[in-house]
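Letters A, B, ... mirror the listed sequences (proteins, then strands); counts begin at 1.
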Amino acid sequence: MTVTAPQSPVGPPKEPAPAPTTELPGHRSGGRSTRGESRRNLSTLRATDVYAMAGAAAASLAITWVMFDRLLPFNGVLGFLVIAYVLFMGLYALLVSFDEDGPAVRDRVAAAVVQSLGLVMLAVLGFVVVYTLYEGREALPHLNFYTESMADAGPVEPLSAGGILHAIVGTLWQISIALLVCIPTGLVCAVFLNEVPGAFSRFVRTIVEAMTALPSIVAGLFIYATFILTLGFDQSGLAAALAISVMMLPIIIRASDVVIRLVPGTLREASYALGTSRWRTVWHVVLPTSRSGLTTAVILGTARGVGETSPVLLTAGFTQEFNSDPFHDPMVSLPLAAFKLVENPEPTYVARGFGTAAVLLVLVLVLFVAARVVGGRGPGKLTRRQEHRRVRTSRRDAQRFAAKAASGRPTTGPASTSPASTRSTT
Amino acid sequence: MAPADDPPRRLHPDRGVPDRVFRGILRGGGGLVLAIMLLVGGFLTYRAWQALSLAKWDFVTTEVWEPEGGNFGIAAVLVGTLLIAMVAILFAVPLALGTALYISEYAPPRIRQTLVSVVDLMAAVPSVVYGLWGLFYFQGHVLTLSRWISTYFGWIPLFKVDGTDPADPLSTATVYTSSTFIAGMVVSLMVAPIICSVVREVFSQAPVGEREGAYALGANRWGMIRSVVLPFGKGGMIGGTMLGLGRALGETIAVVLIISPVFVIQPHILQNGTSSVSSLIALRYGEASPLGMSALMAAGLALFLMTLVVNFAASSIVARSRSGATSDS
């Protein structure tokens, strides 16, 4: 759509300006013919760039092949790729320099380097995920993999016996207890950091920041030394959940702190100006505004907690048996089971280990996607349904006010001026 | 115009009992978290004291780990930890910077948000997944690179490999397995997404006015990046790198899966056998006597102090830089 509104620069125009009209792209209403104009190409990619890139690629591959196959005693795919890449960059710079000046050559080479680095990293990371899922293909199709524990499978039994039900149940128990500890404590602490400013909360914030540096194995060591060695409890799911909590708590607090800090101060001030007390402001303004962000913070913390192996390794013990009691006896989780299974050189155990890792990966993926779906919006931004609902409420209020004004008091009052705006501005 | 009989009103920040209770709950929550965190630090120090007072300064210089004989120290594991982290950072930083620049400057706007999500997701992938990949896939493929480096650059002490003859084509490749180099490369894949997301955040905050100013002065894209984006994001780049370093120092499971532990200082990064503080704790916690436990605590405390210093340095660098005033990392 092009809006043609010729604005007169200064002073009153001699003749009345034509009224602004909107032209739709398909329907040219004016008499101007566009037949003679051709659409300009706004792309910055030119044909010579493509030729230079293709030529450099071909030349570098050819030279590297000659080097590897005929001249030098090199071998290996990785070495081939590295040398071909370096040669490609040199040749590409040379080819571009034939018809461009220095800054342009540097621009092209930098663009090629940056894009290839980005591509390499994304490709490798994607490959790690795909490789794990692919290696899990042997164990995953067996239904018993999800319904039996490893106690049912002897050391040489095939994949059609034994499974990781004990690890799935263990992970669910441990993360549930950890969330039970972390969500109330973490959210209260995050609200405290923002709503009660002062020297004390600054100190708490510094300490929480310091604790995000705590290596997860040290968190596990702490719980092992206090809960198990000093207090004399067993290695159990509860101990593992506590270790995970110690590690997750700072992560959740920091993420929630950032989200709550983004709540606009004007909203809080509006609430205080209406005479609301502090806790009602937090309960009715701050928390609802940042709800989606807080959910994201909790889910992302959960994703980190689910995948942690080292705290669980020290505190949960290891068992092949099904155990649904988190307070007694060892209880494994998914990452720990994967870690322990691949320590066994038996191929079926390695396959089961990869299957466990694939299940864990899928769990993390699901949590992550859930976090994105819930929390893709900033504080105060509404989904379409929420917006629709709010508009409808506002309209109903306006009708209610109008009806009240018409029936009750027909005299002029502040309520009858523009009732619709009272709702929409809050 | 103010009349004399209009005294200033007293302002009550507290509005009644519920508010005071509420504030008490908030303070209680903050205090509880503070207590937990201080307990972790305090308990570690307290339990480590026994071992530290026995070993004194030998704790930092001894290589072997025999707490039962009273002879233990973290010289070997500390060097191993630092070397693994160094290799990880060397590989992770170029990858992360390139990816961050690609996402914030070069990628088509349509797929930008997807790429950001992918990188964030990679930071959440469990470390055991990276460890399995490194052990079963990556190690086999990187051996030729290790051999190549040690053959042609073996005269540098860091890349020297004992016990093999590069001229012998039949020599076994096992001396190159389970090395610092491989562990470091796997860890680099784990920390690269973390560095990348911090740096990308900072790059994307580079002011539009300055970008357009650079273009208006005739800069091409790389000129604009060099004169606007990189100087603006310098604090974020240093801070993100140190944040990644902190994570690399504390990484456990991927390292445990790949390395084969030795308790001598192993300066040859391509050679089989190394050690790290976190893998020491993971391998030795079960068989530890009270003194051994205390010694492990001391090692954990040393690791924690190291990551603490690195993290605080990172956050103060980010906060002091021009771009860090509004960023949260």
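- Looking at F192(A) and V33(B), their side chains never come closer than 4.5 Å, going by heavy atoms from C-beta outward.
- Proximity to chain A involves both the backbone and the side chain of V40(B), based on heavy atoms less than 4.5 angstrom apart.
- For chain A, the nearby part of L32(B) is the side chain; its heavy atoms alone come within less than 4.5 Å.
- Between chain A and the options V277(B), N220(B), T307(B), L257(B), the largest number of non-hydrogen pairs under 4.5 Å is found for N220(B).
- Looking at F312(B), the atoms closer than 4.5 Å to chain A (heavy atoms on both sides) all sit in the side chain, from C-beta outward.
- E135(A) does not touch chain B: none of its heavy atoms, backbone or side chain, sits under 4.5 Å away.
- Between the OG1 atom of T252(B) and the CZ atom of F339(A) there is a distance of 9.5 Å, given to the nearest 0.5 Å.
- When the shell of 6.0 Å around CZ of F200(A) is examined, it contains more than 12 heavy atoms from other residues, nucleotides or ligands.
- Interface residue I36(B): only side-chain heavy atoms are found under 4.5 Å from chain A.
- In this structure, the portions of V204(A) lying under 4.5 Å from any heavy atom of chain B include both its backbone and its side chain.
- Within the 4.5 Å cutoff, no side-chain heavy atoms of N311(B) are placed close to those of E209(A).
- With a threshold of 4.5 angstrom between heavy atoms, M306(B) does not approach chain A through any atom at all.
- In this structure, L121(B) CG and L125(A) CG are separated by 9.5 Å, a value rounded to the nearest 0.5 Å.
- Counting heavy-atom pairs closer than 4.5 Å to chain A, the top residue among V21(B), L38(B), L39(B) is L39(B).
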Assess the residue pair Y131(A) and L132(B) against the criterion (side chain to side chain contact (heavy atoms under 4.5 Å, CB included)); give the C-alpha distance rounded to whole Å, side-chain angles, the decisive distance to 0.1 Å, and a yes or no.
CA-CA 10 Å; Y131(A) 175 79; L132(B) 290 185; over 6 Å; no

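- Listed options G131(B), G30(B), G250(B) were ranked by heavy-atom pairs under 4.5 angstrom with chain A; first place goes to G30(B).
- Only the side chain of V208(A) comes within contact range of chain B, judged by heavy atoms closer than 4.5 Å.
- For V282(A), the part lying near chain B is the side chain, with the backbone staying farther off; criterion is any non-hydrogen pair under 4.5 Å.
- In terms of heavy atoms, A338(A) sits closest to V128(B) at CB-CG2, 4.4 Å.
- A distance of 11.5 Å separates CD of E105(B) from CD of Q115(A), quoted to the nearest 0.5 Å.
- Taking the six-membered ring for Trp and thresholds of 30 and 60 degrees, F22(B) and W279(A) have ring planes inclined between 30 and 60 degrees apart.
- Closest approach of C189(A) and G29(B) over heavy atoms only: CB-O, 4.4 Å.
- Interface remark: V369(A) contributes no atoms to any contact with chain B (heavy atom separation under 4.5 Å).
- Considering all non-hydrogen atoms of both residues, M211(A) and F304(B) come closest at SD-CZ, 3.9 Å.
- Heavy-atom distances place the side chain of V129(A), and not its backbone, under 4.5 Å from chain B.
- The local environment of CZ in R112(B) is crowded, with over 12 non-hydrogen atoms from other residues, nucleotides or ligands closer than 6.0 Å.
- Ranked by heavy-atom pairs under 4.5 Å with chain A, the list L101(B), L301(B), V129(B) is led by V129(B).
- Contacts of S117(B) with chain A are made by both backbone and side-chain atoms, with heavy-atom separations under 4.5 Å.
- If you measure heavy-atom distances from F368(A) to chain B, the contacts under 4.5 Å come from the side chain alone.
- For T226(A), the parts lying near chain B are the backbone and the side chain together; criterion is any non-hydrogen pair under 4.5 Å.
- Counting heavy-atom pairs closer than 4.5 Å to chain A, the top residue among Y106(B), Y130(B), Y102(B) is Y106(B).
- Proximity to chain B is limited to the side chain of L229(A), based on heavy atoms less than 4.5 angstrom apart.
- For V196(A), the part lying under 4.5 angstrom from a heavy atom of chain B is the side chain only.
- Of the possible donor and acceptor atoms, none in the side chain of S310(A) sits under 3.5 Å from a partner among the backbone N and O of I253(B).
- Between the CZ atom of F222(A) and the CZ atom of R47(B) there is a distance of 11.0 Å, given to the nearest 0.5 Å.
- Within the 4.5 Å cutoff, side-chain heavy atoms of E195(A) are placed close to those of L26(B).
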Is there a side chain to side chain contact (heavy atoms under 4.5 Å, CB included) between W222(B) and V113(A)? Walk through the geometry before answering.
CA-CA 11 Å; W222(B) 178 243; V113(A) 168; over 6 Å; no

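- Ranked by non-hydrogen atom pairs under 4.5 Å with chain B, the options A190(A), A104(A), A210(A) are led by A210(A).
- With a threshold of 4.5 angstrom between heavy atoms, T185(A) approaches chain B through its backbone and through its side chain.
- Put simply, of L95(B), L135(B), L249(B), the one with the most heavy-atom pairs under 4.5 Å next to chain A is L95(B).
- Only the side chain of L361(A) comes within less than 4.5 Å of a heavy atom in chain B; its backbone stays farther off.
- With a threshold of 4.5 angstrom between heavy atoms, V256(B) approaches chain A through side-chain atoms but not through N, CA, C or O.
- Proximity to chain A is absent for every atom of F138(B), based on heavy atoms less than 4.5 angstrom apart.
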What do the steps show when you test L214(A) against M37(B) for side chain to side chain contact (heavy atoms under 4.5 Å, CB included), and what is the final call?
CA-CA 10 Å; L214(A) 184 75; M37(B) 302 300 165; over 6 Å; no

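- By the 4.5 Å heavy-atom criterion applied to side chains, P126(B) and T309(A) are not counted as neighbours.
- Pairing each heavy atom of V364(A) with each of A124(B), the nearest pair is CG1-O, 3.6 Å.
- For a residue to count as touching a neighbouring chain, one of its non-hydrogen atoms must lie under 4.5 Å from one of that chain's; by this rule R247(B) touches chain A with the side chain only.
- Of the listed residues (A111(A), A357(A), A303(A)), the greatest number of heavy-atom pairs within a distance under 4.5 Å of chain B belongs to A111(A).
- Only the side chain of L122(A) has a heavy atom closer than 4.5 Å to any heavy atom of chain B.
- If you measure heavy-atom distances from M122(B) to chain A, the contacts under 4.5 Å come from the side chain alone.
- In this structure, A282(B) and I217(A) approach most closely via the heavy-atom pair CB-CD1, 3.8 Å.
- For the atom pair R27(B) CZ and S201(A) OG, the distance stands at 8.0 Å (nearest 0.5 Å).
- Evaluation of the side-chain contact (heavy atoms from CB on, under 4.5 Å) rule for A100(B) yields C196(B), V199(B), R200(B), F203(B) as partners, not counting sequence neighbours.
- Across every non-hydrogen atom of I25(B) and V188(A), the tightest pair is O-CG1, 3.8 Å.
- Using a 4.5 Å cut-off between heavy atoms, L187(A) does not touch chain B at all.
- The backbone N or O of L313(A) sits less than 3.5 Å from a side-chain atom of Y285(B), completing a donor-acceptor pair.
- Once rounded to the nearest 0.5 Å, the distance linking CZ of F136(B) with OG1 of T132(A) reads 11.0 Å.
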